[in-house]
Amino acid sequence: MFDRFRLTMAQIDPVVGDLEGNAARIRAAWEEGRAAGADLVAFPEMVVTGYQIQDLVMKPAFSGRAMDTIEELARDCADGPALAVGGPYAFGQELFNAYWICQGGAVTARVLKHVLPNHAVFDEKRIYDAGPITGPYRVGPLRIGSPICEDAWSEDVAEAVAESGAEILLVPNGSPYHRAKHDLRLGHMVARTVETGLPLVYLNMVGAQDDQVFDGASFVLNPGGGLAAQFPFCAEAVRHVDFARTEDGWRADTGRRDPVPDEWEADYHVMVTALRGYCVKSGFSKVLLGLSGGIDSALVAVIAADALGPENVRCVMLPSEYTSEASLEDAAGVARALGCRLDEISIEGPRQATAAALAPLFGDDAPGIAEENIQSRLRGLTLMALSNKFGEMLLTTGNKSEVAVGYATIYGDMAGGYNPIKDLYKTRVTETCRWRNANHREWMKGPEGAVMPQRVIDKPPTAELRADQKDEDSLPPYAVLDDILERLIDREESVAEVVDAGHDRESVKKVEALIYGSEYKRFQAAPGARLTPRAFWLDRRYPIVNRWREPS
């Protein structure tokens, strides 16, 4: 009787749509498993196609080629351990999110996802058909049940699979990060081990796709929730987990347990991973950004340096007559600390030329927002010209507080291909800067130490579009604003609830109006790293034209 089983878990980073490249990654990890004497090499949900693929999977040519790729993998991996990979399965008029089991050169089983998530960033009910609950499949001495991702978040599927004879649960996942997500996953999976009395393998994807980062952090639990193995956060890993048959059933041997980062490190690692993945997977090796001397652009510059290396980051200072000497010094200080290139291009000449061109129409009207925004748009124009000329992707630098209330100029400082801090409120920007100045990790390509001068972190925020301008001239203090925003956006509280929490009604109503009134800007904004369950884009979908305001 066989009393040992070796599972190779491949926590890898696929690229959406790169069927051949993903297959090559799968073969390489399978070879590692074969060399280690594995009985089964397992991969995450939808690993063959990458994830999430949204409507791409509904294109018959794509889903058909994906299935052919899996059949080819089965034949290529005939001589060695079994192979378990996620990919689509189309049958007749139905399309499924499936887990394919390949042994001896053939597909021997398919598990079809039963519970289709249709919340937050997921629209799987729109894309896939729900499969029946699939019983266990056998690999060597083991009967394995594989609830796919959402299937394991409720007790029904896991219990049905266990009652059908499964001896361990292998759960393939494409689970994207948000703050505190690891504890949430772990809690649900511990519950499954308690309910079924079975060991559970949680195998998650890693890597960035658009706004989402799949953070890996796979783990193995024994019955009752004992942690047998913990995989790294936001890093690829191929590792082997051994199971032994005992009098009480199969149990996982205790293996390596990587530490799980706290929320500050996790958020920062995700922002770096998101930008790196977005650039690499879309074909950019270099980026540029407008470095104003303020805290937001400083943080984006540091994230870019950590993601791509300082030598691949161009910072551009674009002063006007309202730019202070302190801002010029602070921008230079950030670029110098990082080792990034810094160019300076004055927009004062173009600003004056634009003002002269518009003077016949603007007449004697007092200067206002229109004139201020011309400066921002001239900066956007200049940065996009550099991007076009040198092939460097432009990063935009607005934080979530600004994005929420529309405190940004469309076609100006909103210009760009990606926004690493889009889901980071201003107060968290400040704390993140302090964290990065005090911490350095091996996955950061930027230098150690205080890469953002303390003066950049401490000075009052200003757009410097007019003399003596401060953000708080037109907005509540950021500590107040961010609490209001978090309540209205992240928690969907009513105006009355926010007022009951201690905020002035007039301020809350003003912020509410700014949120709704700037929806059109967010609709056109660059994507950015998702850090919370209520990030702007897929998590929160409001109409652009909307007259609803809560009654006063």
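At a threshold of 4.0 Å, the pair D211-K422 does not count as salt-bridged, since none of the basic side-chain nitrogens sits closer than that to a carboxylate oxygen. Comment: D423 does not engage R179 in a salt bridge, judged by the lack of any side-chain N to carboxylate O separation of less than 4.0 angstrom. D215 has a carboxylate O that lies under 4.0 Å from a charged side-chain N of R185, or vice versa, which qualifies the two as a salt bridge. Ion pair R428/E263 flagged as a salt bridge, since at least one NZ, NE, NH1 or NH2 atom sits closer than 4.0 Å to an Asp/Glu carboxylate oxygen. In summary, D55 and K59 do not engage in a salt bridge, as defined by a charged side-chain N under 4.0 Å from a carboxylate O. Salt bridge status for E486 with K400: absent, with no side-chain N to carboxylate O gap under 4.0 Å.
Remark: E519 engages R522, R540 in a salt bridge (charged side-chain N to carboxylate O under 4.0 Å, His left out) (not counting sequence neighbours). With sequence neighbours left out, K286 forms a side chain to side chain donor-acceptor pair (under 3.5 Å) with N312. With sequence neighbours left out, H269 forms a side-chain contact (heavy atoms from CB on, under 4.5 Å) with F233, C234, T273, W443.
Looking at every heavy atom in both residues, V403 comes nearest to G398 through CG2-O, 3.9 Å. Y418 and A529 make their closest contact through OH-N, 3.4 Å (heavy atoms, listed as atom of the first residue, atom of the second, distance). Taking every heavy atom of both residues into account, P81 and W30 meet most closely at O-NE1, 2.9 Å. Taking each heavy atom of A23 and T69 in turn, the nearest pair found is CB-CG2, 3.8 Å.
In this structure, CE on M317 lies 10.5 Å from OG on S346, to the nearest 0.5 angstrom. Once rounded to the nearest 0.5 Å, the distance linking CG of D413 with CG of L289 reads 12.5 Å. Annotation: the span from F43 atom CZ to I12 atom CD1 amounts to 5.5 Å, rounded to 0.5 Å. In this structure, CD on E236 lies 11.0 Å from CE on M205, to the nearest 0.5 angstrom. To the nearest 0.5 angstrom, R239 atom CZ is 9.0 Å from Q230 atom CD. The line from SG of C149 to OH of Y99 is 12.0 Å long, rounded to the nearest 0.5 Å.
Under the 4.5 Å side-chain criterion, counting only non-hydrogen atoms from C-beta, E124 is in contact with N97. Here the side chains of D210 and Q212 are not in contact, with every heavy-atom distance at 4.5 Å or above. At least one side-chain heavy atom of T8 sits under 4.5 Å from a side-chain heavy atom of V238. Put simply, the side chain of T49 reaches to within 4.5 Å of the side chain of L19, judged on heavy atoms. In this structure the side chain of R436 reaches within 4.5 angstrom of the side chain of V451, judged on heavy atoms. Using a 4.5 Å cut-off on side-chain heavy atoms (C-beta onward), V220 and L7 make no contact. Between I347 and R379 there is a side-chain heavy-atom pair separated by less than 4.5 Å. Looking only at side-chain heavy atoms (C-beta outward), V213 and P176 stay at 4.5 Å or farther from each other.
Checking T409 against N373 by side-chain atom types alone, a donor-acceptor pair falls below 3.5 Å. With hydrogens and angles left out, the side-chain atoms of D306 and Y268 include a donor and acceptor closer than 3.5 Å. For the 3.5 Å distance criterion, the side chains of H178 and T532 fail to qualify, holding no donor opposite an acceptor. Side chains of Y177 and D267: a donor-acceptor N/O pair is present below 3.5 angstrom, by distance only. A side-chain donor from one of S401 and D482 sits under 3.5 Å from a side-chain acceptor of the other. No side-chain N or O of R434 forms a donor-acceptor pair with one of N437 less than 3.5 Å apart. There is a side-chain donor-acceptor pair under 3.5 Å between Y425 and D490.
Within 6.0 Å of CZ in F523 there are 12 or fewer heavy atoms belonging to other residues, nucleotides or ligands. When the shell of 6.0 Å around CD of E20 is examined, it contains 12 or fewer heavy atoms from other residues, nucleotides or ligands.
V287 pairs with exactly one of V300, L308, I303, L394 by the side chain to side chain contact (heavy atoms under 4.5 Å, CB included) rule, that one being L308.
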